[in-house]
Amino acid sequence: MPSSFRRWGDRRVTVAPPSSPVSSPPRVHRLIAGGLLSLWALSLALPVAVIREGDIWQGWMVLAFGFLGILNGQFGWLANWVFLPATFAGMVLRRPSRRVLMTVLVLLVPLVAGTMAWREVVYDDGVHAVMRFGPGYFLWLAAMTGCVVWQAVRLVR
């Protein structure tokens, strides 16, 4: 008797296979996604970088004005727009397709790696170096790196 059938009385009842993309994901995937989203949200509330004394950029400021970094060759801001759909999809889909997982990895890895090279901010009066990074920056990197590792593990399985 195939494993997708179960005997119930005199009738055979079909049961959805456990790998069905429609069924809900395991609890561990929802917990991982929730943890990553929590790290990301917390990074928005914390200081990300000190540009000059008294000029501290919060995470929400980097999210709001990060698109301007694209003009300076800093593309890390775009990682947010890959991270959010990938994490929400991880919460909803039991088994995302290999194509989706590979696309997330191909987009997210270079964007996060490029963010690690962030060293300057352009102002009206010129370019200013980042003096030091705050906890929001490291939480953001942890959330992005966690998403990359999570998606890579799902791809290998």
Side-chain angles (χ1 to χ4, degrees), residues 18-157:
S19 63
S20 171
V22 178
S23 60
S24 66
R27 180 182 168 116
V28 68
H29 290 298
R30 290 192 302 268
L31 289 174
I32 291 171
L36 292 174
L37 287 170
S38 298
L39 284 176
W40 182 81
L42 186 58
S43 76
L44 296 180
L46 294 173
V48 170
V50 176
I51 308 304
R52 43 190 172 187
E53 284 307 318
D55 192 7
I56 300 172
W57 280 47
Q58 300 292 327
W60 66 268
M61 294 168 64
V62 175
L63 183 65
F65 300 110
F67 69 93
L68 293 172
I70 295 171
L71 301 173
N72 193 29
Q74 297 290 331
F75 299 99
W77 174 81
L78 295 170
N80 293 301
W81 311 116
V82 176
F83 168 79
L84 290 172
T87 306
F88 282 115
M91 287 175 67
V92 175
L93 299 176
R94 181 175 182 85
R95 287 190 178 260
S97 70
R98 294 182 65 81
R99 182 178 297 158
V100 169
L101 293 173
M102 188 59 86
T103 302
V104 167
L105 289 173
V106 165
L107 291 173
L108 204 54
V109 168
L111 292 173
V112 173
T115 302
M116 292 181 191
W118 179 42
R119 298 288 181 258
E120 62 187 23
V121 174
V122 178
Y123 278 92
D124 290 340
D125 61 345
V127 177
H128 296 280
V130 175
M131 292 174 62
R132 64 183 175 274
F133 293 104
Y137 175 76
F138 297 109
L139 284 178
W140 186 87
L141 279 179
M144 297 297 155
T145 305
C147 184
V148 166
V149 169
W150 179 39
Q151 301 298 336
V153 167
R154 292 182 86 177
L155 183 66
V156 171
R157 284 188 173 187

query = Between atom OG1 of Thr103 and atom CZ of Arg99, what is the distance when rounded to the nearest 0.5 Å?
reply = 7.5 Å
More than 12 heavy atoms of other groups within 6.0 Å of Asp125 CG = yes
key: Nearest heavy atoms of Leu101 and Gln151, plus distance in Å   = CD2-OE1, 2.7 Å
ask   = Do Leu84 and Leu37 come close enough that some side-chain heavy atom pair is under 4.5 Å?
value = yes
inquiry  = Minimum heavy-atom separation for Arg154 and Leu93, please, with both atom names.
reply    = NH2-O, 3.3 Å
request  = Evaluate the criterion side-chain contact (heavy atoms from CB on, under 4.5 Å) for residue pair Asp55 and Val50; output intermediate values, then yes/no.
outcome  = CA-CA 6 Å; Asp55 192 7; Val50 176; over 6 Å; no
inquiry  = Around atom CE of Met116, are there more than 12 heavy atoms from other residues, nucleotides or ligands closer than 6.0 Å?
reply    = yes
ask   = Roughly how far, to the nearest 0.5 Å, is the OG1 atom of Thr87 from the CD1 atom of Ile32?
value = 11.0 Å
Only pairs under 3.5 Å count here: list side-chain donor-acceptor contacts from residues 61-76, not counting sequence neighbours, and write none if there are none.
none

request  = Output the distance between atom CG (Leu105) and atom CZ (Arg98), rounded to the nearest 0.5 Å.
outcome  = 10.5 Å
ask   = Should Phe83 and Leu36 be marked as a side-chain contact (heavy atoms from CB on, under 4.5 Å) after you check the CA-CA gap, both sets of side-chain angles, and the distance that decides it?
value = CA-CA 9 Å; Phe83 168 79; Leu36 292 174; 4.1 Å; yes
ask   = For Arg119, which residues count as a salt bridge (charged side-chain N to carboxylate O under 4.0 Å, His left out) partner, sequence neighbours excluded?
value = none
query = Got a second to check how far Met91's CE is from His29's NE2, nearest 0.5 Å?
reply = 12.5 Å
key: For Arg52 against Met131, the heavy-atom pair lying closest together   = CA-SD, 3.4 Å
Output a table of donor-acceptor pairs, distance under 3.5 Å, between side-chain atoms of residues 133-146 and any protein atom two or more places apart or on a different chain; print 'none' if there are none.
unit_1	atom_1	unit_2	atom_2	d
Tyr137	OH	Thr115	O	3.2
Trp140	NE1	Asn80	OD1	2.8
Thr145	OG1	Leu141	O	2.7

